[in-house]
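One structure is given here, and the rest of the page talks about it.
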Amino acid sequence: LCISSSTLTHGGDSSTSTSSDGALGVVDLNPPRGTRDFPPEDMRLRTWLFDNFREVSRTMAFEEVDFPVLESEALFIRKAGEEITQQLYNFEDKGGRRVVLRPEITPSLARLVIKQGKSVSLPLKWFTIGQCWRYERMTRGRRREHYQWNMDIFGMPKVRAEAELIQAIVLLFERLGITSSDVGIRLSSRKVLQAVLNMYSIPEHLFAQVCVIVDKLGKLSREEIEKELISTGLSSEAVQGIIEVLSLKSLSKLEEVLGSDVEAVADLKKLFSFAEQYGYADWICFDASVVRGLAYYTGVVFEAFDRKGELRAICGGGRYDKLLSTFGSEDVPACGFGFGDAVIVELLKEKGLLPDLSRQIDDIVFPLDEELEGPASSVASSLRKKGRSVDLAEDKRLKWVFKHAERINASRLILVGKSEWERGMVRVKILSTREEFEVKACDLE
Ligand SMILES: Nc1ccc(Br)nc1
């Protein structure tokens, strides 16, 4: 479609355009439903957030990896009724292949670990920041894409991995100015639920499905949860037992109910002791109701929440020791989390912690008349080679340039005038102090 600029309604939602056959059409200027554009101001905030993700990953000695957003649908076919697999953005490509816009990143990580096989030495500590998709009926008007920071450790069977990942989350919050009074990290272990199912001799194949159902505690009513659990075949006695244990908020109570030799209790006690050593004990709390909604978790699970309880989980993760075997490989113990780009921004806004990210450049170079455009370009070029951010303002009037300098927070205005240039000089104006002086063009830096 060729959109004639004169008819493009900037800022509007549509424009008039004519297609190649001259038919008059209206192009919707909005991105597809549930997706976002990132104009410069929004992109600066996103880049600032991602730079913080990256800096924490660097200090944790994680390596960055990346994957296609497009993945084989087979990677996400799971039978436990998770929301994530019921909202796959899936389609058939022109080669007849079943593909998806990935809804999460962990299966891609697992795929690559399997593919790398013996060529990588464990433990592996990998991170990535990638866009994830869901196809949700727009009735709820929710977004269909978000960016997720993922941190995953492969080949670390003990809870040291969970302790490392929780430190990464705490470091991120602290970098953004969020404290343990604003946010907590509630944690538990799926081995708690496993122990309860064993107490009622519930078959193993129901485990994932039961986890996905009880993850809705707090979102659905207790009655609805009980109904869904009964529908899987659980006895009402087992259902009551599950709900009773999952309402525990004290590790010592859990130990009373399950006994000290249960792996879940040992893992969690170890993790709380690590938390003291890492110095983030005031961030975490035990909460047996935390199960997370992904079928493949097998051990410790955790999620960060705002203590005011106004927002959805800020991030979440857990141990998934048996995911790789579902892709036909031998298992490698693994643990990871996903941290979305949306809830955290809502929290920062609410706490007044969004940074000032207005545009800033070093220099504006301005030729005072047309014949000085060449010299102005060479001044701009030499400053850029020295690493300065330089905006070359041409075809404008000086009055416009001063306004432009203010608008983009330029530090200096470099004026290239005829008489100065003939003496090898340019005029420099420091915009913060209004100080103005001449300097040899070749000495400018
Ligand atoms: N998994 C997922 C993907 C996309 C969005 Br928005 N939320 C969750």
Side-chain angles (χ1 to χ4, degrees), residues 30-38 42-43 45-46 49-50 53 65-91 98-112 126-152 165 169 172 208-209 211-213 215-216 218-220 290-297 301-306 310-318 320 323 326 334-349:
N30 292 306
R33 299 288 297 267
T35 69
R36 300 165 289 176
D37 293 323
F38 285 88
D42 297 341
M43 194 62 200
L45 176 59
R46 180 177 126 182
L49 179 63
F50 289 12
F53 288 158
V65 291
D66 196 11
F67 309 93
V69 176
L70 186 74
E71 273 282 11
S72 162
E73 185 181 46
L75 228 48
F76 306 95
I77 301 296
R78 303 192 291 255
K79 301 276 183 281
E82 300 149 277
E83 190 179 72
I84 200 171
T85 59
Q86 293 171 328
Q87 297 177 337
L88 285 180
Y89 212 123
N90 54 352
F91 55 98
R98 296 295 307 165
V99 290
V100 297
L101 298 179
R102 68 186 173 200
E104 56 170 335
I105 291 175
T106 304
S108 301
L109 285 158
R111 178 177 59 71
L112 184 58
W126 285 354
F127 85 94
T128 188
I129 303 171
Q131 194 173 37
C132 295
W133 293 80
R134 66 182 170 199
Y135 191 89
E136 185 171 60
R137 298 270 164 250
M138 282 314 277
T139 43
R140 292 169 62 174
R142 295 202 299 174
R143 276 181 298 101
R144 286 184 172 155
E145 54 76 23
H146 72 172
Y147 285 83
Q148 254 193 30
W149 171 43
N150 276 242
M151 295 270 276
D152 288 76
L165 293 170
I169 293 169
L172 190 275
Q209 203 179 337
C211 289
V212 171
I213 293 169
D215 176 57
K216 300 175 204 171
K219 297 156 204 160
L220 297 183
V290 177
V291 286
R292 300 297 294 163
L294 293 171
Y296 47 70
Y297 287 135
V301 282
F302 48 87
E303 62 191 24
F305 64 98
D306 73 297
E310 292 164 351
L311 303 171
R312 304 180 307 287
I314 303 162
C315 66
Y320 53 98
L323 179 62
T326 66
C335 187
F337 67 79
F339 196 125
D341 69 337
V343 179
I344 184 65
V345 169
E346 288 173 51
L347 179 68
L348 291 170
K349 278 179 186 157

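Worth knowing before you read on, the calculation uses all heavy atoms, side chains too, and leaves out hydrogens, waters and symmetry mates. Both counts, for ligands and for their atoms, begin at 1 and track the order of listing.
Annotation: Ile84 places no N or O atom under 3.5 Å from an N or O atom of ligand 1; distance criterion only.
Nearest protein neighbour of atom 1 (N) of ligand 1, counting heavy atoms only, is Pro103 O, 2.8 Å. Looking from atom 4 (C) of ligand 1 to the surrounding protein, the closest heavy atom is Cys132 O, 3.5 Å. Nearest protein heavy-atom neighbour of atom 7 (N) of ligand 1: Arg134 NH1, 3.4 Å.
Judged purely by atom type and a 3.5 angstrom limit, Arg144 uses its side chain to pair as donor or acceptor with the backbone of Glu136. The closest donor-acceptor contact from the side chain of Arg36 to the backbone of Pro31 lies at 3.5 Å or more, if one exists at all. Looking only at distances, no side-chain donor or acceptor of Thr128 sits under 3.5 Å from a matching main-chain atom of Asn150.
Between Phe339 and Trp149, the ring planes are tilted. Angles from 30° to 60° get that label.
Using a 4.0 Å cutoff on heavy atoms, Glu104 does not count as a contact of ligand 1.
Against a heavy-atom cut-off of under 4.0 Å, Glu145 is close to the following atoms of ligand 1: 6 (Br). The ligand atoms of ligand 1 that sit less than 4.0 angstrom from a heavy atom of Arg143 are 6 (Br).
Remark: the Arg46 side chain and the Tyr147 side chain contain an N/O donor-acceptor pair separated by less than 3.5 Å.
Partner of Leu101 under the side chain to side chain contact (heavy atoms under 4.5 Å, CB included) criterion, out of Asn90, Leu88, Val69: Val69 alone.
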